[in-house]
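Below, all heavy atoms of this structure are taken into account, side chains as well, without hydrogens, waters or symmetry copies. Since this is a predicted model, take the numbers as computed values, not measurements.
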Amino acid sequence: MAAGLANGAPLQDDIAELSLEQLSDIVITSVSRQEERLGNAAASVYIVSGNEIRRSGARTLPEALRLAPNLQVARVDARGYAITARGFNSLQSNKLLVLIDGRTLYTPLFSGVSWEAQDVLLEDVERIEVISGPGATIWGANAVNGVINVITRSAKDSQGGLVAGAAGKEDRDGSVRYGAALPNGGHYRVYARYAEADDAVRDTGRAATGYSRRQAGFRADWDRARGGLMLSGDVYEADLAQRTGGSTLLSGANLVARLTRRLADDSNVRLQLVLDHTEWNQPNLMYERLDTVELEAQHGVRLAADSSMPHSVTWGAGYRYSRDRIANGRAQAYLPNDLAMHWGSLFVQDEVALRGDLRLTGGVKVEHNHYTGAEVLPSMRLAWTPDSRQLLWASLARTVRAPSRIDRDFHRPVNPVLVGGVPRYIFGGGPDFQSETAKTVELGYRIQPSPRWSYSATAFIAKYDRLRTQEPNPDGPAYSGLTEFRNMAHGHTRGIEMWARWEPLDGWRLNGGLVVQRVRTALYPGSRDPGGSGGVTGADPSHYWQLRSSHDLPGDMQLDWTLRRVGALPRPAVPSYHELDLQWLWKATRNLDVALIGQNLLHRSHPEFGAAPNRSVFERTAVLRLTYRF
């Protein structure tokens with residue numbers, strides 16, 4: 001849905017240009033799946049505007065996500081990223097749900113996001129809503145530690161043409177886009193994009209992790225008095241270098257159709273259909289073909305006639321079908337190799353005003369998955385607004401991370417060995433693996449003391465159970481593994497995340513954010529995980545922070561910089577680092593922007609993730625970018 005301002009205030013193309021007072025009135029949709037003011041949202045939510053992305057110099061979606069202070073973003077190599085919120089980070093992070101325009105970027109292979117397969121024309125991003133904390137009642141399983149919702153602009157707001165290109169020592173990209181009106185009152189845009197990067201640098205030399213990627217797509221919008229229709233789609237292909245064998249070949253396509261309609265002054269309905277197809281061809285490992293169909297319906301109704309004491313109910317249902325077909329290689333296998341998976345869900349959320357300044361929101365989602373059946377995902381939020389500038393809120397929630405194919409179906413090697421005449425695999429998946437669970441308590445405070453500055457702080461405690469471990473299984477049944485996945489660990493996280501915005505002067509804005517966290521795990525008695533409790537957690541720092549400055553200079557110039565620090569990662573050990581990224585932009589003409597981008601300016605090189613000596617390091621770089629609009 002398009003971003004707007006509450007109480008009938010006009011929509012603005014660049015929400016980063018709004019005052020802080022106007023910013024609190026931005027309408028968001030990711031917390032409750034209904035439109036609500038950012039200032040009233042009882043959740044730890046941070047908004048990254050499209051203009052902030054363009055001013056930062058970010059050229060990929062993961063780099064744009066660095067702008068959210070409540071996310072931990074670690075670059076792994078030339079194309080790979082480990083991204084999470086509130087701990088448990090890894091290259092296959094599985095406790096964070098990511099969406100683009102309502103399409104879930106979910107792979108049932110490992111319950112996470114393959115960032116190599118995701119790209120978006122950042123010029124068309126309106127905003128990114130980043131929620132740290134549980135979101136399962138609304139979005140379902142795997143929204144354990146957070147939700148990222150990337151929302152692109154309506155085709156009506158991206159008319160005309162655009163040509164953009166950027167080049168540096170290590171990578172290059174180019175994009176074209178054109179938008180126009182349709183004869184029936186709608187609008188459309190089409191785009192094409194190309195990007196490539198050289199192999200990453202390692203302490204031991206170069207590693208084959210470079211890539212080339214091509215993508216094209218469209219979006220069309222028809223606005224009506226009582227709703228609208230959106231239709232969008234993308235096709236893409238990529239060549240991903242790997243250290244041994246030939247390149248990994250990736251391709252796919254998706255289509256999203258969404259209909260919204262206001263049935264009455266106090267009722268609305270939303271229908272969405274998603275079709276998605278991906279193919280991975282990894283030499284010597286596997287060839288995967290995944291097809292997904294997803295249908296969602298949602299209805300919201302306002303029950304209270306008195307607007308000073310609102311009472312609203314939102315409910316909906318969803319169904320997803322995926323067929324995963326894998327041609328197994330010699331080294332590993334997913335058994336069965338051809339699997340049809342079904343997910344069904346039903347949710348309801350009730351928001352009621354206990355009094356004029358106190359709101360209670362309760363909800364529950366029941367989601368049925370292929371492996372463990374029905375999972376119940378409840379939540380409750382209480383919000384107190386003592387005045388129009390303050391919000392104090394608290395929440396309780398239970399979430400789950402449902403099993404994926406890697407938890408249940410992964411085997412290595414393909415050909416089993418015989419143990420006492422019984423076929424056994426070295427690794428045989430986890431035939432009894434259950435959902436991981438989390439129970440989370442949050443307490444948050446948001447205030448805008450003056451029109452020029454605001455801040456937000458959230459404290460959280462989460463208890464995790466049935467975490468995944470790798471256990472020996474010498475006495476298992478036929479066709480099981482000598483080693484398999486089980487749920488033999490537990491853990492907890494606690495911490496505080498905070499950020500602030502300040503406008504010292506007209507044309508100068510500062511944004512700062514800090515996360516301090518503690519992630520601890522332990523094995524249950526009887527576990528023999530060879531990695532110990534350290535093998536359960538991801539690579540999580542005890543703290544990370546950032547400070548960003550956006551300054552409008554005379555002569556149609558802009559100067560933006562981001563200083564960030566990430567604490568040391570304990571296992572595998574990665575030293576702490578601090579870095580500076582900078583963009584100087586000159587509006588040379590009304591239609592032409594010239595930008596000089598510097599990345600990692602404080603050090604010659606630094607690592608962000610992985611074990612030495614084979615991990616990638618990222619060097620100081622300079623990039624020239626040109627953007628022409630017509």
Do [Y] and [X] meet the salt-bridge criterion of a basic N to acidic O distance under 4.0 Å?
| X | Y | value |
| --- | --- | --- |
| Arg564 | Asp581 | yes |
| Arg213 | Asp173 | no |
| Arg214 | Asp239 | yes |
| Arg629 | Glu123 | yes |
| Arg86 | Asp540 | no |
| Arg193 | Asp124 | no |
| Arg219 | Asp101 | yes |

Can you see which heavy atom on [X] is nearest to which on [Y], and at what distance?
| X | Y | answer |
| --- | --- | --- |
| Ser435 | Arg466 | O-NE, 2.8 Å |
| Thr29 | Glu35 | CG2-CG, 4.1 Å |
| Ala155 | Asp221 | N-OD2, 2.9 Å |
| Ser93 | Thr84 | OG-CB, 4.2 Å |

Is there a side-chain contact between [X] and [Y] in this structure, where contact means two heavy atoms from C-beta onward sitting under 4.5 Å apart?
| X | Y | result |
| --- | --- | --- |
| Lys95 | Glu436 | yes |
| Tyr188 | Phe218 | no |
| Arg320 | Thr104 | yes |

For a side chain to side chain contact (heavy atoms under 4.5 Å, CB included) with Arg103, tell me which candidate from Asn254, Val150, Leu255, Leu275 qualifies.
Asn254
So if I apply the side chain to side chain contact (heavy atoms under 4.5 Å, CB included) rule between Glu116 and each of Leu240, Thr209, Thr248, which one comes out positive?
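Answer to the side chain to side chain contact (heavy atoms under 4.5 Å, CB included) test with Glu116 among Leu240, Thr209, Thr248: Leu240.
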Step by step, would you call Phe88 with Tyr464 a ring-ring contact (aromatic ring centres under 6.0 Å, His included)?
CA-CA 11 Å; Phe88 297 92; Tyr464 299 84; 4.6 Å; yes
Distance to the ring centre below 6.0 angstrom and angle to the axis at most 45 degrees; does that hold for Arg412 and Phe427?
no
Hey, is the main chain of [Y] close enough, under 3.5 Å, to the side chain of [X] for a donor-acceptor pair?
| X | Y | value |
| --- | --- | --- |
| Glu608 | Ala82 | no |
| Asn145 | Gly133 | no |
| Arg127 | Ile28 | no |

Distance-only polar pair, side chains of [X] and [Y], donor-acceptor under 3.5 Å:
| X | Y | result |
| --- | --- | --- |
| Ser158 | Arg189 | yes |
| Asp234 | Tyr191 | yes |
| Asp157 | Ser154 | no |
| Gln583 | Arg625 | yes |
| Glu279 | Tyr287 | yes |

Interatomic distance, CG@Asp276 vs CG@Asp291, rounded to 0.5 Å, equals 8.5 Å
Roughly how far, to the nearest 0.5 Å, is CD1 of Ile83 from CH2 of Trp115?
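Between atom CH2 of Trp115 and atom CD1 of Ile83 there are 4.0 Å.
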Verdict with supporting geometry, Leu377 and Phe347, side chain to side chain contact (heavy atoms under 4.5 Å, CB included)
CA-CA 9 Å; Leu377 312 170; Phe347 83 92; over 6 Å; no
Using the six-membered ring wherever Trp is involved, compare the ring planes of Tyr106 and Trp343 and label them parallel, tilted or perpendicular (cut-offs 30° and 60°).
perpendicular
Let me see the working for Asp593 and Arg54 under salt bridge (Lys or Arg N to Asp or Glu O under 4.0 Å), right down to the final yes or no.
CA-CA 11 Å; Asp593 292 348; Arg54 291 183 282 276; over 6 Å; no
Stepwise side chain to side chain contact (heavy atoms under 4.5 Å, CB included) test for Trp222 and Leu182
CA-CA 9 Å; Trp222 292 266; Leu182 294 168; 3.6 Å; yes
Once side chain to side chain donor-acceptor pair (under 3.5 Å) is applied, do any residues pair with Glu288, and if so which ones, sequence neighbours excluded?
none
Kindly write out the residues that satisfy salt bridge (charged side-chain N to carboxylate O under 4.0 Å, His left out) with Arg75, not counting sequence neighbours, or none if the list is empty.
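Here no residue qualifies.
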Asp198: what forms a salt bridge (charged side-chain N to carboxylate O under 4.0 Å, His left out) with it, not counting sequence neighbours?
Arg172
